Protein chains: 2
Amino acid sequence: MESVSTEQVADFRRFHRYFTRRIGALNDHYLGQDRPLGEARLLFEIAEHDGPDGVLLRELRSRLGLDAGYLSRMTKTLERQGMVRLSVHPHDSRLRTVRLTPAGRVEVTEQNRRADSLAAGVLAGLDTGRRARLCEAMATVRRLLRLAAITVEHVDGHAPDARACLDAYADELDVRFPEGFDRTDLVGPDEVSGEAGAFFVAYEEGRPVGCGALRRQAAGTGEIRHVWVHPDARRLGLARRVLDALEVEALRRDWTVVRLDTHAALTEAQAMYRACGYTEIPAYAEHVYADHWFEKRLGR
Amino acid sequence: MESVSTEQVADFRRFHRYFTRRIGALNDHYLGQDRPLGEARLLFEIAEHDGPDGVLLRELRSRLGLDAGYLSRMTKTLERQGMVRLSVHPHDSRLRTVRLTPAGRVEVTEQNRRADSLAAGVLAGLDTGRRARLCEAMATVRRLLRLAAITVEHVDGHAPDARACLDAYADELDVRFPEGFDRTDLVGPDEVSGEAGAFFVAYEEGRPVGCGALRRQAAGTGEIRHVWVHPDARRLGLARRVLDALEVEALRRDWTVVRLDTHAALTEAQAMYRACGYTEIPAYAEHVYADHWFEKRLGR
DNA sequence: CATGGTCTTTGACCTTAGTCAAAGGATCGC
DNA sequence: GCGATCCTTTGACTAAGGTCAAAGACCATG
């Protein structure tokens, strides 16, 4: 981890202060003008995750980090105001689900309208060119902050998170490959555990958002497979982070060469491998879904 | 005012949500761990503006937007904790000034250390290149948000804010011009009021941060003078905004030509005038501090 | 069907944040 | 020197935000 310059820390804090002071305060103010801030936030959160069966109280609690009693009272208040309806969960009557009523939906729409006009009001102070630059810079900041918060962790090949990622990966390939994708092609849990290999999962705020597998392919040679990033986490540069982790792990095991293959449909992957120092080689193994083969020599 | 696209509004809100959720919450949490958030903020604000005579309570009140009674009680609490000392203002005993004690300084340093390590922790999740890009994008966002919040207003030439700006302007020129600057060269209040001319002041959060004067120079011709931006508000593109306001005002009066002169020492001003469509002309009047003369024909 | 564990509700309580108005001391303008 | 005004302090109050623990309803398990 390279050391962070004090100048950059100061930049960061300057930005943070300015932003929370200027925009954060404004936002809280408009949000809280009809009802207490906590209630407004809760309503918002309910709207955000209002599925077919409503939202679980339990989920709201963990999401907003609220005390059970406090939450219970706030939802009761919202129910009295006609914004939401509480009901017992159909399969487990210890649980409560909460969902917006039509009146609640109107209220949330109104909240959103206000937030929109707050944002529009700020943006309106700029000409078109600067406005576009502002939006772009905001997108950059958000992208990089997200990336900074994602950690790539070594997990056991049997871990539920690992298998969940591979499932999502397989679903996606099944759609993207013209010939579909057969899940038996996935690495087994044992192939990426212990001596045989390794599995990495990328986490963003506790949620798995990417993965990558490494397995022994020959003496001193590893094979990289199933490098995948959740659609919500793409274009952050996360695949490279996963690849880095896999390469570091390979080196740790004295596997000085890593190989991988890729399907013609995954053009963006090929570009990334090339950019990361992989060079195309002849087929090193038979594989149904492989059209291109790459190799990289590790270590300095 | 050009209309703001809904896509941009959505970008803005996405950014806002992400930032306040991820960074804002963290910050409040660490800030408030030893004492109530309000108190921590107050202490911070006192430290920030701790001059040779301390800070005026009145100033803190307006800066933090607090109720007089509330502030009075909070400072008392901080005094009891030994963080600050209250004293009566030497020249006006209605006023109170407050200043940090050594113990208070230690406390603030500790707070700062924690905020720094929070920032460093976030930045440490990125490699050098991305970290630099993050800081740059943050600086851009901050610059543009500031600019968006600044308004340029038409004020009377006698207004205290107008004269305050001209004073600051004169002080600066006195330093920058090798021959010094004589304040009698400034436009008089009447020259930039009513029919004779106009004066604009740029405000950032209520504080004047720039100005510009327009006065009748000949039939159908205006002269622009004293375009100035406070050092804290430079490099935002504010001078152009002031210039725009002056030109719009000139056109409103059917003055289709505006002229101005500038001193050789103000090289950045000359570049700006050229970039804004001004062309150099021969001297149109005698003027002690003028080395270059510019003109622009207004209207479409 | 008893037992331990999971959720939610309720009651009791506390701190923080903030408002309002009255009062008191000081200054300013006339 | 008087009244208006300014700034701070104090008292009285309120709402919001949050914590803790006990109780109640329910589920899963042996």
Side-chain angles (χ1 to χ4, degrees), chain A residues 20-21 24-25 27-46 53-81 83-99, chain B residues 20 24-25 27-46 53-81 83-99 160:
Chain A
T20 48
R21 277 259 216 298
N27 193 60
D28 283 359
H29 183 257
Y30 94 81
L31 239 187
Q33 64 190 125
D34 288 340
R35 64 182 76 250
L37 200 57
E39 249 171 71
R41 274 205 250 271
L42 175 57
L43 193 59
F44 212 87
E45 200 67 29
I46 293 171
D53 300 325
V55 206
L56 290 175
L57 276 196
R58 177 177 52 172
E59 196 184 333
L60 289 171
R61 226 178 54 219
S62 78
R63 222 176 259 284
L64 295 170
L66 297 173
D67 172 78
Y70 189 24
L71 175 63
S72 175
R73 258 180 275 263
M74 274 203 292
T75 41
K76 281 263 170 326
T77 309
L78 287 176
E79 192 174 30
R80 259 198 311 281
Q81 295 171 354
M83 299 291 116
V84 302
R85 253 214 356 257
L86 266 167
S87 46
V88 178
H89 190 276
H91 304 316
D92 183 340
S93 10
R94 287 171 304 182
L95 303 174
R96 298 287 177 278
T97 63
V98 57
R99 47 188 331 181
Chain B
T20 47
N27 194 59
D28 282 0
H29 183 257
Y30 94 80
L31 240 187
Q33 63 190 125
D34 287 341
R35 63 183 78 248
L37 201 56
E39 248 172 70
R41 275 205 251 271
L42 175 56
L43 193 59
F44 212 87
E45 200 68 29
I46 294 171
D53 300 325
V55 206
L56 291 175
L57 276 196
R58 178 176 55 171
E59 199 185 333
L60 289 171
R61 226 177 54 220
S62 78
R63 223 175 259 283
L64 295 171
L66 296 173
D67 172 79
Y70 188 25
L71 176 63
S72 175
R73 257 180 277 263
M74 274 205 291
T75 41
K76 281 263 173 320
T77 309
L78 287 176
E79 193 174 31
R80 258 197 311 279
Q81 294 171 355
M83 298 290 116
V84 303
R85 251 213 359 254
L86 265 167
S87 47
V88 177
H89 190 276
H91 304 317
D92 182 342
S93 12
R94 289 172 304 182
L95 303 173
R96 297 286 177 281
T97 64
V98 56
R99 47 188 330 183

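Values in this document were obtained by computation on a predicted structure and should not be read as measured data. Naming: A, B, ... by sequence-line order, numbering from 1 per chain.
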**Report entry** B/Glu45/A/Arg21 salt bridge by N-O under 4.0 Å criterion
**Finding:**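 Result for this pair is yes, salt bridge flagged.
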Query raised in the report: Closest nucleotide of DNA chain D for A/Gly38 versus for A/Asp92: which of these residues is on the 5' side?
Result: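 Going by which nucleotide is closer to the 5' end, it is A/Gly38.
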Query raised in the report: Taking for each residue the nucleotide of DNA chain D bearing the nearest heavy atom, is the 5' side occupied by A/Glu39 or by B/Tyr70?
Result: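 On the 5' side of the pair lies B/Tyr70.
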Choose from [options] the nucleotide whose nearest atom is closest to any side-chain atom of [X].
X       : options               : value
B/Ser93 : C/dC7, C/dT27, C/dG18 : C/dT27
A/Pro36 : C/dA17, D/dA16, D/dT8 : D/dA16
A/Arg94 : C/dT10, C/dG5, C/dA26 : C/dG5

Nearest whole angstrom, please: distance from the [atom2] of [N] to the [atom1] of [X].
X       : N      : atom1 : atom2 : answer
B/Leu78 : D/dT9  : CG    : P     : 13 Å
B/Arg41 : C/dT16 : CZ    : P     : 14 Å
B/Arg80 : D/dT9  : CZ    : C1'   : 13 Å
B/Lys76 : D/dT9  : NZ    : C1'   : 7 Å
B/Leu56 : C/dA26 : CG    : C1'   : 15 Å
A/Met74 : D/dA15 : CE    : P     : 17 Å
B/Leu37 : D/dA16 : CG    : C1'   : 14 Å
B/Leu66 : D/dT9  : CG    : C1'   : 15 Å

Requested in this report: Return yes if some donor-acceptor pair links the side-chain N/O of A/Glu79 with the main-chain N/O of A/Leu86 below 3.5 Å, else return no.
Outcome: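 Side chain of A/Glu79 to backbone of A/Leu86, a donor-acceptor pair under 3.5 Å: yes, one is there.
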Query raised in the report: Does B/Arg96 reach the main-chain N or O of B/Ser93 with its side chain, forming a donor-acceptor pair under 3.5 Å?
Result: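 Checked: pair present.
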Using a cut-off of 4.0 Å on non-hydrogen atoms, how would the nucleic acid contact of [X] be classed: base, sugar-phosphate, or nothing?
X       : result
B/Leu71 : nothing
B/Gly69 : base
B/Asp67 : base

Query raised in the report: Quick one: does B/Arg73 reach the base of D/dG11 with a side-chain donor-acceptor pair under 3.5 Å?
Result: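 Donor-acceptor pair under 3.5 Å: yes.
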Query raised in the report: Can you name the closest pair of heavy atoms from A/Arg35 and A/Leu78 and give their distance?
Result: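 In terms of heavy atoms, the two residues are closest at NH1-CD2, 3.7 Å.
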N/O donor to acceptor pairs below 3.5 angstrom from side-chain atoms of residues 69-77 of chain A, sequence neighbours left out:
{"from": "A/Thr75", "atom 1": "OG1", "to": "A/Leu71", "atom 2": "O", "distance (Å)": "2.9"}
{"from": "A/Thr75", "atom 1": "OG1", "to": "A/Ser72", "atom 2": "O", "distance (Å)": "2.8"}
{"from": "A/Thr77", "atom 1": "OG1", "to": "A/Arg73", "atom 2": "O", "distance (Å)": "2.9"}

